[in-house]
Structure formats: structure tokens, C-alpha cells
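First comes the structure, then the notes that go with it.
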Amino acid sequence: MKVSADVRALIERRKEGHSLEAPFYLSEEIFALDMEAIFRQHWIQVAIEPDVPEPGDYVTVELGSDSILIVRDDDMQVRAFHNVCRHRGARLCNEDKGTVGNIVCPYHSWTYNLNGDLMFAEHMGEKFDRCKHSLKSVHVENLAGLIFVCAAEKAPDFSAIRAAMEPYLLPHDLPNTKIAAQIDIIEKGNWKLTMENNRECYHCVANHPELTISLYEYGFGYQRSPANADGMDAFAETCIKRGKEWAEIGLPSAEIDQLLDTTGFRTQRLPLDRSGESQTLDAKVASKKLLGGFEQADLGGLSFWTQPNSWHHFMSDHIVTFSVIPLSAGETLVRTKWLVHKDAVEGVDYDVKNLTAVWNATNDQDRALVEFSQRGASSSAYEPGPYSPFTEGLVEKFTAWYVGRLADKIGA
Ligand code: FES
Ligand code: FE
């Protein structure tokens with residue numbers, strides 16, 4: 001891929017352990033490169049099974065100039081296609097979400113079934129071969145109900161992340177949940193600032209009074225230092241004790257932090273503070289109907305972070321999923337979904353305000369932090385600053401992954 005000498009130089013001189021130079025957050029050229037080298041080449045978490053519970057249910061997601069259509073077929077498989085008609089290219093489904101029998105182009109009514117095969121195309125003559133005009137498919141993986149797509153011709157390996165993560169995720173039975181709430185916010189900041197902010201909890205104590213009721217900051221890649229030794233040691237002991245209890249009921253909790261064939265992810269089941277049940281204002285479950293076959297509420301929080309664009313918290317009673325979609329160099333969509341057991345009844349088993357209170361507040365606080373960072377990066381005085389070796393190791397992992405992928409793409 002062709003990039004300017006300036007961009008190549010920026011990628012080649014990236015200083016390890018430091019935030020990125022300003023053009024990474026501001027430049028349109030780098031934004032276009034991000035969409036091509038990152039969002040078109042890697043596994044992007046864009047949806048969840050409960051978005052498309054029945055055959056014909058679809059969602060659309062915009063990844064740069066590509067629109068991806070995610071649809072459930074008649075055999076209950078989740079499929080992904082480019083949302084582009086094979087006649088003259090009209091966008092097929094023009095809503096964020098909906099239900100169709102077949103996929104019918106609004107322009108000249110070419111009609112595709114849910115497998116993407118072209119079924120009807122009037123006035124095309126006898127020589128026209130319908131079989132050569134199926135929808136273009138997009139790689140899709142359904143990991144325990146989390147839907148990932150990859151629009152590259154050849155997708156990176158997914159088998160390792162699947163093998164590692166299924167034992168952690170499957171007990172929470174995401175496919176049998178429903179979306180109790182969804183909130184889309186648009187942050188006025190570059191997507192990498194959203195991700196960098198997500199990969200550390202250095203800022204949590206000062207900014208997240210609601211989140212830190214239940215969450216221990218130490219679980220976020222902290223390294224032991226003289227300043228935090230007491231807290232870290234106590235936390236490590238709690239992790240071991242709770243980890244043993246969870247292992248007895250078949251729930252793995254050990255940290256996995258891996259980069260396999262460019263697919264980077266991290267997971268750990270972390271104890272929660274106080275009653276230890278859920279990420280709520282009183283750390284107790286927000287939904288009385290527990291997920292899967294769970295019989296106890298204090299299962300801590302299973303966190304799952306993926307490069308480049310998602311993180312998720314799985315608890316005994318609910319799941320919160322976050323998907324980050326860049327909109328422009330300075331604008332980013334953060335899509336949050338709160339999932340409860342599909343049979344849980346609103347007003348009886350859960351209250352949406354209580355369910356969403358912590359992350360609604362936290363998202364808004366994080367939005368402000370990202371926007372402060374974006375404004376700071378626009379200043380002539382901005383220069384890359386050092387990440388803390390004790391609290392920002394995971395930010396460096398994200399940034400190094402990102403720059404590494406750009407370097408691969410341009411052959412730097
Ligand atoms: Fe879709 Fe013509 S562009 S039917
Ligand atoms: Fe935060």
C-alpha cells in the first residue's frame with residue numbers, strides 16, 4: 001500500500017513506551033490507512049448473536065467505506081456479506097437493523113436469499129448467469145455469541161482465540177441473552193485514544209466513582225511497584241482464593257494475554273469488590289435471573305479485551321459489550337450493549353436504570369477524557385509522553401500492535 005514519506009517516517013520512528021505523535025490522531029491520511037490496514041484486515045467485533053435472534057434478522061455496520069451486512073440465515077447460521085448489490089452496486093439494506101425474508105435491492109429488485117445467492121433478476125436475458133452474481137461474503141466468526149467480521153481476502157487465524165476463549169465465555173451463555181439496553185455515543189476523538197483509554201485504569205480512581213465501587217484497578221495489567229505493593233499483594237491473594245472457588249465450578253479465571261498470528265486479545269476473570277457480584281452501584285446483581293446455569297451470583301467479572309476494537313465484561317447476571325467503530329480521524333462510535341437472560345422480565349427481574357448506571361456514567365466520563373486528549377493532541381505543544389511502566393503496560397501493547405500492523409502493511 002502506498003503512503004507518503006511523512007507517514008512512513010512517523011511509523012518507522014514510533015518511540016516505544018510513548019503515546020503516538022499527533023498526526024496519528026489527527027491526519028486524514030493516517031485515518032484512511034487505519035481503515036485499510038487495521039479495520040479491513042483484522043477481526044473486528046461488530047455485533048452479538050442477540051442482534052439477530054431469528055432467521056432474516058440483520059444488522060449493518062459501516063467500516064470505513066465498506067458497509068457490512070450481518071444476517072441470520074434459515075439454518076440459524078450468522079453470515080456476513082458486503083452490503084452491495086451485484087447489479088449496479090446499490091446499498092442493499094439501508095437501516096442499522098431490520099428483518100427480511102430475502103435481501104431485495106431497492107433499485108431494480110434483484111433478490112438474494114439469506115445465503116447470499118442471487119435468486120431473481122428480471123430482464124437479464126438467457127445468457128445471464130445468476131450463479132456468478134452472489135453477494136460477496138465477508139469472513140465471520142461467532143465466538144460464544146460475539147460476532148467478529150474480517151473483510152480481508154484472507155483472514156488471520158481465529159482458531160487459537162476460539163480455543164482459548166470458549167471455556168471462559170460459553171458458561172455465560174450469551175446466545176440466550178437479550179439486549180436490555182443499547183447506547184451509541186459518538187466521541188469527538190480518534191479511535192486510538194478511545195482504545196488507549198480503555199487499556200488502562202490509571203485514570204479510574206480520579207474519574208470513575210461509580211465503576212470503582214466494584215472494580216479493583218489492579219486487574220488492568222498493573223505491575224507491582226513500591227507504591228502499590230500492599231494493594232497488589234492483597235489483590236493477588238484474593239485472585240488466587242476466588243480463582244480456586246471458581247475452578248471448582250468449572251469457571252477458568254487465569255489471565256491469558258496472547259498475540260497469535262496478529263490476533264491479539266487478553267482475558268481474566270477478576271474478583272469484584274464488596275459483595276463481588278456485578279458491576280453495579282452496590283456491586284450486587286442487577287438481574288435476578290442469572291445467566292446460563294449459574295447458581296451463585298458472586299462470580300466476579302470476566303473481562304475480554306480484543307485488538308483492535310472491543311472489550312466485554314461478563315458477570316453472573318449480565319454482560320456488557322463494547323464495540324468501537326471509527327467514523328473519521330476525530331470521531332468515534334462507541335456502541336455499548338447490556339445483555340440479560342432472555343427470560344428476564346423488565347421491572348420484575350431487572351431495572352434498566354440500575355443495570356446501566358455504572359457503565360452509562362463511566363462511558364460519559366471516558367468520552368470526556370478522550371475528548372480532552374484529542375484537543376491536547378491538536379496543540380502545537382503536544383509531544384508523545386511516556387506510558388507508566390506500572391499501570392500502562394496494556395496501552396503500550398495496543399499501540400505496539402497497531403504500529404506493527406501498519407508497518408506490516410506498508411512494508412516498513
Ligand atoms: Fe441492485 Fe440494480 S443496483 S438491482
Ligand atoms: Fe475509563
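In what follows, every heavy atom counts, from backbone to side chain, and hydrogens, waters and symmetry copies are set aside. One-based numbering, in listed order, for ligands and for the atoms of each.
- Taking 4.0 Å as the cut-off between side-chain N and carboxylate O, Arg199 and Glu196 do not count as a salt-bridged pair.
- Ring centroid separation for the pair Phe294 and His172 comes in under the 6.0 Å cut-off.
- For ligand 1 and Cys105, the ligand atoms under 4.0 Å from any heavy atom of the residue are 1 (Fe), 3 (S), 4 (S).
- Residue His203 counts as close to the Fe ion (ligand 2), with an N, O or S atom under 2.8 Å.
- Checked against a 6.0 Å centroid threshold, the rings of His133 and His87 do not count as neighbours.
- Residues Phe398 and Trp305 keep their aromatic ring centres 6.0 Å or farther apart.
- Each of the atoms 1 (Fe), 2 (Fe), 3 (S), 4 (S) of ligand 1 lies under 4.0 Å from some heavy atom of His87.
- Residue Ala90 approaches ligand 1 through these ligand atoms, each under 4.0 Å from one of its heavy atoms: 3 (S).
- Within His108, ND1 is the N, O or S atom that lies nearest to atom 2 (Fe) of ligand 1.
- Below 4.0 Å from some heavy atom of Trp110 lie the following atoms of ligand 1, by number and element: 4 (S).
- Between Phe148 and Phe158, the ring center distance clears the sub-6.0 Å criterion.
- When you scan the N, O or S atoms of Asp366 for the one nearest the Fe ion (ligand 2), you land on OD1.
- Checking Cys201 against the Fe ion (ligand 2), every N/O/S atom stays at or beyond the 2.8 Å cut-off.
- Scanning all protein heavy atoms for the shortest distance to atom 3 (S) of ligand 1 gives Arg88 N, 3.3 Å.
- A salt bridge between Arg224 and Asp233 is present, with a side-chain N of the basic residue lying under 4.0 Å from a carboxylate O of the acidic one.
- Taking 4.0 Å as the cut-off between side-chain N and carboxylate O, Arg79 and Asp73 count as a salt-bridged pair.
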